[in-house]
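Written out below as structure tokens is the structure these notes cover.
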Amino acid sequence: MSSITPPNALAEADVQLDGDYKYGFVTNIASDVVPPGLSEDVIRHISGKKGEPEFMLAWRLKAFQRWKEMREPRWAHVTYPPIDYQGISYYAAPKQKEKLASLDEVDPELLATFEKLGIPLSEQKLLANVAVDAVFDSVSVATTFKAKLAEVGIIFCSFSDAVKNHPDLVRKYLGSVVPYSDNFFSALNSAVFSDGSFVYIPKGVRCPMELSTYFRINERNTGQFERTLIVADEGSYVSYLEGCTAPMRDENQLHAAVVELVALPGAIIKYSTVQNWYPGDKEGRGGIYNFVTKRGKCFERAKISWTQVETGSAITWKYPSVILQGDDSVGEFYSVAVTNNMQQADTGTKMLHLGKNTKSTIVSKGISAGKSSNAYRGQVLINQRATGARNHSQCDSLLIGDKCGAHTFPYIDVKNAASTVEHEASTSKIGEDQLFYLRQRGLSEEDAVSMIVNGFCKDVFRELPMEFAVEAQKLLAVSLEGSVG
Amino acid sequence: MLVIKDLHARVDGKEILRGVNLTVKPGEVHAIMGPNAAGKSTLAKVLAGREEYEVTQGSVTLDGKSLLELAPEERAREGVFMSFQYPVEIPGVTNAYFMRSAVNAHRKHRGEPELDAGAFLKLARENMKLVAMDEKMLNRAVNEGFSGGERKRNEIFQMAMLAPKLAVLDETDSGLDIDALRIVASGVNALRSPDRALIVITHYQRLLDYLVPDITHVLLGGRIVKTAGKELALELEKRGYEWLQQGAQA
């Protein structure tokens with residue numbers, strides 16, 4: 001088993017929420033930015049810039065047509081001013097000479113940025129066993145460890161490279177789990193996505209290391225639309241880590257990613273996210289609008305496990321889901337969502353039981369502080385033919401202070417009587433009694449809050465790769481700094 | 001060691017302590033008795049620094065150092081321990097993790113190196129024996145699903161781990177059957193030492209059968225109205241508190 005090195009960007013726990021967001025620096029690199037606005041021409045330009053094959057452009061244009069007919073969803077428990085989609089620039093690539101053969105050729109300033117983020121790009125980090133596909137704004141800058149992975153036939157590359165080098169795989173699976181027409185944001189992403197990550201694990205291969213991608217929004221006023229596609233072939237295994245940070249900006253920035261997972265028969269995909277986009281300041285100025293579509297499809301006996309720790313973004317709209325299509329497949333969703341100050345989160349999952357004896361587990365922990373709003377929204381569907389299907393859901397909310405809100409919206413739809421669905425929910429408040437108890441034993445107030453919150457999240461953290469879990473705990477402590485007292 | 005002078009405190013605008021004077025020397029065990037609402041638990045919480053209680057007058061010093069300006073955790077690190085009447089649950093946090101963090105917070109305060117997992121475990125095992133606690137309790141979440149007796153034993157275990165200068169035991173006997181009471185009392189007795197002071201707050205004499213005080217006080221109407229030796233507890237058991245009430249109001 002390989003060991004994991006934590007992404008240090010998250011390891012540095014000294015991020016302050018109040019105007020001192022540690023990752024709030026801007027890199028000065030001349031950008032190749034498309035003027036704001038969205039049209040067929042812009043899409044053709046993006047596709048052309050990337051040298052895409054015809055099928056890609058055709059797909060983008062269909063998505064754009066569909067998007068124009070769609071309306072922004074309004075059912076989520078969040079409020080924000082209207083987004084001007086024509087005011088956004090849809091493509092920003094750091095200007096660089098040409099494709100780079102080694103890290104030495106990468107713009108030193110870019111490398112310095114990664115250094116600040118703590119992304120282990122350098123070759124010495126090989127020992128760390130983390131392969132990083134770093135996405136700087138929209139273009140993948142460097143992909144490490146490709147060679148080592150290639151030895152066992154694993155493809156881990158930027159989406160653009162996959163389109164060029166593995167068009168058949170992309171063509172076969174792109175949109176097979178999240179069709180471009182799925183929802184407003186997925187249609188937008190399909191039309192304009194600029195890059196992302198692609199993973200293919202061949203039959204029977206157990207990926208020898210944790211795969212990890214860093215996304216970073218840098219360019220002012222550019223939405224970021226990545227697309228991730230992971231295909232785990234029969235009987236294979238992969239664990240994928242995704243971490244996100246964004247620099248501080250006054251304007252809100254749109255982030256509409258799509259992640260598609262395909263777990264072929266007997267495959268296992270574990271997808272872990274630590275999301276720490278800029279949440280905005282105390283008054284709710286700035287911050288990322290995070291509208292993400294994440295979904296996986298399980299064939300027979302396959303398993304997909306989503307684990308997420310969401311502490312950032314002004315608005316989070318995200319429902320990592322699993323389509324349990326094959327018999328005996330398993331879906332899991334473990335989530336910690338933290339909101340502080342003016343943050344709003346509407347997050348949860350969908351477990352769609354189509355096959356027989358399919359099983360799903362949902363553990364959601366929402367923590368609200370400040371004046372924030374935190375909603376869990378989950379759907380469990382048991383279809384007619386899903387005999388023997390089982391679901392267990394547990395949704396707990398923890399409130400810190402008395403100005404925040406927690407909401408739970410469970411939708412349960414059972415069409416087969418020979419199935420089991422259980423739902424448990426609780427809401428509690430960090431008690432003065434608990435805090436005082438821990439402080440009386442000598443723990444500082446902050447350590448006490450962090451201990452209580454981490455205890456509350458334990459069921460989720462233990463699903464994370466260990467070092468990632470340590471970082472998640474630190475991040476949580478930081479996100480909630482100053483939320484008590 | 002502990003000197004309380006003319007201590008007044010109120011909660012929600014209501015004055016509960018109305019001029020408490022008390023001096024406790026190292027090695028001594030003081031019992032504080034009194035009827036409901038006399039201010040016994042308030043005194044414990046004020047000593048530990050619970051913020052809802054507002055101190056309006058008076059002083060509290062431990063070895064000459066004023067406690068009232070200190071945050072609860074600072075008082076704890078200075079050596080003030082309080083055993084809670086109703087120890088709360090901390091779900092998802094193991095006893096071991098909690099205690100190791102606490103012990104290390106104390107050690108850090110004293111400029112000592114932190115205990116590693118092995119050293120901590122060794123110390124914890126020794127101290128668990130004092131209150132006949134099963135080692136499995138270390139890996140259970142703090143007080144979660146603990147019986148009343150287990151909670152109180154856990155309190156005394158924590159006291160042993162933190163080795164305070166001053167321990168205030170708030171109604172440690174409440175909710176205990178006689179066997180548990182004996183175990184808890186013997187644990188506390190084992191922790192008596194010439195440089196440690198104990199304040200035992202209780203309603204009833206029965207705890208004091210096992211945990212024999214040097215001095216007994218009666219707290220009534222927010223003041224200490226009578227101070228005597230251990231025999232006072234027995235007298236109170238027979239006569240109740242009413243005969244002291246007149247004195248308190250005078």
Side-chain angles (χ1 to χ4, degrees), chain A residues 309 334-336 338 363-367 394-402 424-464 466 469-470 472-474 476-477 484-485, chain B residues 44-53 70-95 97-110 139-144 151 154-155 157-159 161-164 166-168 170:
Chain A
V309 177
Y334 299 96
S335 169
V336 167
V338 183
V363 177
S364 163
K365 305 279 181 176
I367 299 158
Q394 169 136 16
C395 305
D396 299 320
S397 306
L398 185 68
L399 305 175
I400 302 176
D402 52 12
E424 290 175 42
S426 77
T427 301
S428 54
K429 212 172 163 229
I430 282 203
E432 288 296 323
D433 287 341
Q434 287 177 318
L435 279 179
F436 181 65
Y437 188 74
L438 298 185
R439 293 176 74 190
Q440 208 300 307
R441 299 305 185 240
L443 300 173
S444 68
E445 185 167 22
E446 270 168 18
D447 288 347
V449 170
S450 149
M451 191 175 272
I452 293 166
V453 169
N454 280 310
F456 175 76
C457 298
K458 195 180 194 180
D459 295 344
V460 174
F461 285 168
R462 69 169 165 227
E463 295 299 321
L464 287 169
M466 196 172 74
V470 171
Q473 289 190 15
K474 287 183 189 162
L476 224 62
V484 173
Chain B
K45 286 168 186 161
V46 167
L47 289 177
R50 179 94 198 209
E51 275 145 357
E52 290 92 309
Y53 295 84
L70 300 181
E73 59 268 32
E74 293 168 323
R75 300 184 195 200
R77 294 172 202 156
E78 288 294 328
V80 177
F81 178 88
M82 172 177 164
S83 165
F84 286 70
Q85 184 177 3
Y86 304 111
V88 292
E89 297 183 357
I90 316 286
V93 177
T94 63
N95 242 341
Y97 181 68
F98 164 50
M99 256 305 104
R100 193 173 153 204
S101 307
V103 166
N104 282 333
H106 283 247
R107 292 179 68 91
K108 199 172 159 195
H109 178 70
R110 295 194 296 262
N139 292 318
R140 286 178 58 185
V142 180
N143 295 324
E144 199 179 37
R151 285 182 196 220
N154 199 26
E155 292 294 287
F157 160 67
Q158 293 176 34
M159 172 179 162
M161 290 300 288
L162 298 173
L166 169 72
V168 183
D170 187 12

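In what follows, chains are A, B, ... by sequence order, proteins preceding strands, each numbered from 1.
A distance of 13.0 Å separates OH of A/Tyr437 from CZ of B/Arg50, quoted to the nearest 0.5 Å.
Side-chain atoms of B/Glu73 and A/Ser444, non-hydrogen and from C-beta on, do get closer than 4.5 Å to each other. Side-chain contact between B/Val142 and A/Gln434: absent, with no pair of heavy atoms (C-beta onward) separated by less than 4.5 Å. Taking 4.5 Å as the limit, every side-chain heavy atom of A/Asp433 sits out of range of all side-chain heavy atoms of B/Glu89. Annotation: side chain of B/Glu51 is in contact with side chain of A/Arg439 (closest heavy-atom distance under 4.5 Å). Side-chain contact between A/Phe436 and B/Val88 is absent, with no heavy atoms from C-beta onward closer than 4.5 Å.
Interface remark: B/Tyr97 contributes backbone and side-chain atoms alike to the contact with chain A (heavy atom separation under 4.5 Å). Of the atoms belonging to B/Arg75, not a single heavy atom falls under 4.5 Å from chain A. For chain A, no part of B/Pro164 is nearby; none of its heavy atoms comes within less than 4.5 Å. Using a 4.5 Å cut-off between heavy atoms, A/Phe456 touches chain B through its backbone atoms (N, CA, C, O) alone. For B/Glu78, no part sits under 4.5 Å from any heavy atom of chain A, backbone or side chain. Neither the backbone nor the side chain of B/Asn104 has a heavy atom closer than 4.5 Å to any heavy atom of chain A. For B/Leu162, the part lying under 4.5 angstrom from a heavy atom of chain A is the side chain only.
Put simply, of B/Ala48, B/Ala105, B/Ala141, the one with the most heavy-atom pairs under 4.5 Å next to chain A is B/Ala48.
With A/Gln440 contributing its side chain and B/Val80 its backbone, the two residues share a donor-acceptor pair below 3.5 Å.
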(message) Pair A/Arg441, B/Glu155 - check salt bridge (charged side-chain N to carboxylate O under 4.0 Å, His left out), show working.
(response) CA-CA 10 Å; A/Arg441 299 305 185 240; B/Glu155 292 294 287; 2.6 Å; yes
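Between A/Gly442 and B/Ala76, the shortest heavy-atom distance links the atoms N-CB, 3.6 Å. Shortest non-hydrogen contact noted between A/Met451 and B/Val93 is O-CG2, 3.2 Å.
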